[in-house]
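Since the model is a prediction, treat every value here as computed from it, not as a measurement. Letters go in sequence order (proteins before strands), and every chain restarts at 1.
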Amino acid sequence: MIKAAVVVFPGSNCDTDCLHVLKDVLKVQAQFVWHKEGSLPEVDLVVLPGGFSYGDYLRTGAIARFSPVMEAVRQHAAKGRLVFGICNGFQVLLEAGLLPGAMLRNQSLNFVCKQVWLKTDTVDTPFTRNLKKDEILSIPVAHGEGNYYCDDETLKALQDGGQIAFRYSSATGEFGDEFNPNGSRDHIAGIMNEKKNILGMMPHPERASEGILEGTDGLKIWNSLLGTVKN
Amino acid sequence: MFKATINVTLKKSVLDPQGKTVLHALETMGFSEAKDLRVGKYFELTIDAADNKSAQEKVKIMCDRLLINPVIEDYTFNLTETK
């Protein structure tokens with residue numbers, strides 16, 4: 001059986017949603033791990049959930065990255081196992097240097113909470129293997145600091161290395177400022193590390209994983225990574 | 001004891017929508033003299049160190065490791081000895 005851990009930081013607030021989807025929808029053996037833990041149980045997948053760890057003080061994710069569990073997450077990732085950071089989890093991964101770049105305040109300065117369209121960029125990765133190139137997903141975002149920034153050199157490396165997983169687009173796949181909810185560079189919604197076993201994304205697939213909610217496109221991502229673990 | 005005053009600014013290459021909005025508010029208030037504005041951060045840190053040199057080193061490490069994010073921010077600091 002696939003095993004997963006959901007890390008809980010003080011201020012995480014999507015931890016229960018992630019655990020629910022993993023356990024009750026995907027039938028994965030999942031458990032919470034408190035951020036003070038210096039080690040992780042033997043798991044295939046670690047989820048860093050959304051929320052406002054440490055009240056977003058200093059910078060989003062800046063303090064959580066020093067939680068003891070983050071060293072264990074680093075080691076887990078170094079073994080090639082999967083790490084999935086969603087929203088604040090993505091911000092923590094950036095601050096920890098496990099993914100390149102940084103987050104800035106949304107260009108509008110507003111907290112943005114709405115359904116957005118994502119265009120799948122790189123397929124054949126542990127997180128996107130069930131998706132087709134350019135496939136459009138509808139998944140909600142909810143953040144005040146999701147304006148992804150990196151320098152030109154890093155952006156080129158992300159593009160050339162196929163590290164961009166998802167970009168904000170229209171329902172029909174066009175790019176434009178009107179479809180970019182936060183001003184992210186190159187419309188980036190989610191990126192992976194070079195080895196592609198770490199994904200960080202601002203949209204919340206755990207909020208789009210049951211029919212009773214707004215669509216189930218999030219399941220395509222969850223099922224991709226579960227398929228990766230199974231093989 | 002030393003007191004460090006640390007100024008943090010967004011790198012020139014990074015857009016500052018907050019600064020732009022505040023500048024726009026100044027313009028709306030009639031301050032046509034206001035031409036450019038960028039919002040930064042300021043820290044006051046009291047630090048126990050043997051001498052100025054080691055205080056400098058410590059502040060630099062603290063800035064680089066936690067207080068600033070080198071991807072988007074630059075910083076400068078001043079150090080004064082206090083009683």
More than 12 heavy atoms from other groups under 6.0 Å of OH on A/Tyr57: no
Under 3.5 Å: donor-acceptor pair, side chain of A/Arg105, backbone of B/Asp16: no
B/Lys41, NZ atom: more than 12 neighbouring heavy atoms under 6.0 Å: yes
Interatomic spacing from CG in B/Leu67 to CZ in A/Arg59 - rounded to 0.5 Å: 7.5 Å
Residues, nucleotides or ligands: over 12 heavy atoms within 6.0 Å of A/Glu153 CD: no
Shortest non-hydrogen contact from A/Glu95 toward B/Asn69: OE2-ND2, 3.2 Å
Engaged part of B/Lys20 at the chain A interface, taking heavy atoms whose separation is under 4.5 Å: neither
Enclosure of A/Phe66 CZ (heavy-atom neighbours >12, cutoff 6.0 Å): yes
Atom of B/Ile72, atom of A/Ala102 and distance for their closest heavy-atom approach: CG2-CB, 3.8 Å
Non-hydrogen atoms of A/Tyr149 and B/Val14 that approach each other most closely: CZ-CG2, 3.6 Å
Crowding at CG, A/Asp177 (>12 non-hydrogen neighbours, <6.0 Å): no
Within 6.0 Å of NZ in A/Lys195, more than 12 heavy atoms from elsewhere: yes
Part of B/Ser13 lying under 4.5 Å from any heavy atom of chain A: both
Over 12 non-hydrogen atoms of neighbours within 6.0 angstrom of NZ in A/Lys133: yes
Pick from A/Leu104, A/Asp151, A/Asn106 with the largest number of heavy-atom pairs that fall under 4.5 Å of chain B: A/Leu104
Region of A/Arg65 in contact with chain B, defined by heavy-atom distances below 4.5 Å: side chain
A/Leu109 versus chain B, the contacting section by heavy-atom distance below 4.5 Å: side chain
